[in-house]
Amino acid sequence: MKTIVITGGGSGLGAELAKIWASQGNHIILIGRTKEKLQNVCNTIKESGNSCAYYTCDVSNFNDTKRLFTQLHNEGQSIDMLVNNAGTGAFGQLEDIDEDAIHNVIDTNVKGTIFLSKLFLPELKQVDGRIMNIISTAGLKGKKHETVYVASKYAIRGFTESLWKELEGTGARATAVYMGGMDTPFWSSTDHIKDTSRLKSPAEKAKQIIDQDDGQPEIFIDR
């Protein structure tokens with residue numbers, strides 16, 4: 001049994017990855033901001049006879065991530081894999097995106113990934129563990145009306161590729177996951193994608209990721 005921490009675990013891709021990995025005998029630790037969502041996913045996992053715990057945390061806040069890390073350490077929870085899945089977006093013409101939305105995207109997508117990776121990396125090195133960063137195809141090419149979102153994903157692409165070099169010889173690894181959009185509440189606050197029903201479900205994407213995953217540096221889904 002491996003212990004896998006998943007941020008943004010209360011819904012969407014994070015929840016679906018959690019269900020599959022739990023069904024394979026792993027202990028899942030869900031991280032997110034909304035207790036009720038995390039609790040619902042965790043209950044579903046437990047009702048299937050599998051192992052799960054959840055903790056609330058705002059990954060964009062370094063003090064909150066330190067609190068989470070300390071809490072897990074004090075409870076004797078050691079981890080084998082960190083999945084940086086939490087993310088948010090801001091879409092439209094750049095001049096129309098307000099400052100708060102820009103901060104939110106960079107703080108969540110970029111800083112959140114870096115903060116947790118920084119905190120858990122020493123432990124992951126000790127157990128030949130792994131960081132998986134969910135990036136999306138927005139980290140592969142520019143897209144109209146996605147300037148800020150794409151910038152955040154390119155940042156995590158560069159961060160992950162730099163981790164490859166830092167982790168050489170340590171036994172720990174990092175994986176970048178690039179996949180297309182999904183039919184999730186992620187799009188509920190924007191009309192950037194008119195018909196989300198044409199997109200694959202989070203469950204389908206999660207299965208594709210896990211089916212293709214053999215520990216390689218990069219995973220590409222529907223690019």
With a 4.0 Å cut-off on N to O distance, would you call K19 and E16 a salt bridge? yes
Using the salt bridge (Lys or Arg N to Asp or Glu O under 4.0 Å) criterion, which residues pair with D128? Sequence neighbours excluded. none
Pair Q24, I20 - check side-chain contact (heavy atoms from CB on, under 4.5 Å), show working. CA-CA 7 Å; Q24 295 175 346; I20 297 175; 3.9 Å; yes
T7 versus N85, side-chain donor and acceptor atoms under 3.5 Å: no
State, to 0.1 Å, how close T56 and R33 come at their nearest heavy-atom pair, and which atoms those are. CG2-O, 4.3 Å
Only counting residues at least two apart or in another chain, list the ones meeting ring pair (Phe, Tyr, Trp, His ring centres under 6.0 Å) with F120. F69
Is D214 reaching over with its side chain to a backbone N or O of Q216, donor-acceptor style, under 3.5 angstrom? yes
With side-chain hydrogen bond (donor to acceptor under 3.5 Å, both in side chains) as the test, pick out the partner of K111 among T108, T113, N109, D107. D107
When rounded to the nearest 0.5 Å, the distance separating CD1 of I79 from CG of L72 is 8.0 Å
Is it the case that the side chains of S48 and N50 hold a donor-acceptor pair, with the cut-off being a distance below 3.5 Å and no angle test? no
Applying side-chain contact (heavy atoms from CB on, under 4.5 Å), name anything that partners E47, two or more places apart in sequence or on another chain. N43
Smallest heavy-atom separation, L38 atom then G9 atom, equals CD2-C, 3.9 Å
If you measure from CE on M81 to CD1 on I6, what distance do you get to the nearest 0.5 Å? 8.0 Å
Can you name the salt bridge (Lys or Arg N to Asp or Glu O under 4.0 Å) partners of R130, sequence neighbours left out? D213
Can I134 and M132 be said to form a side-chain contact (heavy atoms from CB on, under 4.5 Å), step by step? CA-CA 6 Å; I134 305 297; M132 176 180 282; 4.2 Å; yes
K46 side chain to S51 side chain, donor-acceptor N/O pair below 3.5 angstrom: no
Measure the shortest side-chain to side-chain distance between S117 and N84 over non-hydrogen atoms and say whether it is less than 4.5 angstrom. yes
Under a 4.5 Å side-chain heavy-atom rule over Ile, Leu, Val, Met, Phe, Trp and Tyr, are F159 and I106 clustered together? yes
Taking all non-hydrogen atoms of both residues, which atom of T170 and which atom of L167 are closest, and how far apart? OG1-O, 2.7 Å
Test side chain to side chain contact (heavy atoms under 4.5 Å, CB included), reference I219, set D211, V177, I210, output is V177
In Å and rounded to the nearest 0.5 Å, what is the CD to CD distance from Q208 to E204? 7.5 Å
So does A174 get a backbone contact from the side chain of W164, meaning a donor-acceptor N/O pair under 3.5 Å? yes
Among Ile, Leu, Val, Met, Phe, Trp and Tyr joined by side-chain contacts under 4.5 Å, find the other residues sharing a cluster with V150 and list them by chain and number. Y154
Taking only residues two or more places apart in sequence or in another chain, which ones pass ring pair (Phe, Tyr, Trp, His ring centres under 6.0 Å) with F115? F62
For the pair N104 and I102, evaluate side-chain contact (heavy atoms from CB on, under 4.5 Å) and give the outcome as yes or no after the intermediate values. CA-CA 5 Å; N104 190 35; I102 294 170; over 6 Å; no
Backbone N/O of D58 and side chain of D64: donor-acceptor pair under 3.5 Å: yes
Under a 3.5 Å distance rule, please check whether N26 uses its side chain to pair with a backbone N or O of W21 as donor and acceptor. yes
Backbone N or O of L140 within a donor-acceptor pair of the T137 side chain at under 3.5 Å? no
Ignoring hydrogens, what is the shortest heavy-atom contact between G10 and A15? Give both atom names and the distance. C-CB, 4.3 Å
Y55 pairs by side-chain hydrogen bond (donor to acceptor under 3.5 Å, both in side chains) with which of Q71, E75, R67? E75
With rounding to the nearest 0.5 angstrom, report the CD to CG distance, E146 to L94. 13.0 Å
A side-chain contact here means heavy atoms from C-beta on lying under 4.5 Å apart; do K37 and Y54 qualify? no
Distance check, rounded to the nearest 0.5 Å: H27 atom NE2 versus I45 atom CD1? 10.0 Å
Separation of C52 SG from I4 CD1 (nearest 0.5 Å): 11.0 Å
Between the side chain of D80 and the main-chain N/O of T3, is any donor-acceptor distance below 3.5 Å? yes
May I ask you to check whether E99 and H103 show a side-chain donor-acceptor distance below 3.5 Å? yes
What's the shortest heavy-atom distance between K205 and D222, and which atoms? NZ-OD2, 3.0 Å
Compare every heavy atom of V83 with every heavy atom of L17, then report the nearest pair and how far apart it is. CD1-CG1, 4.5 Å
Is there a donor-acceptor contact under 3.5 Å from the side chain of E218 to the main chain of T175? no
Do L119 and I156 sit in the same hydrophobic cluster, where Ile, Leu, Val, Met, Phe, Trp and Tyr count as joined when their side-chain heavy atoms come under 4.5 Å apart? yes
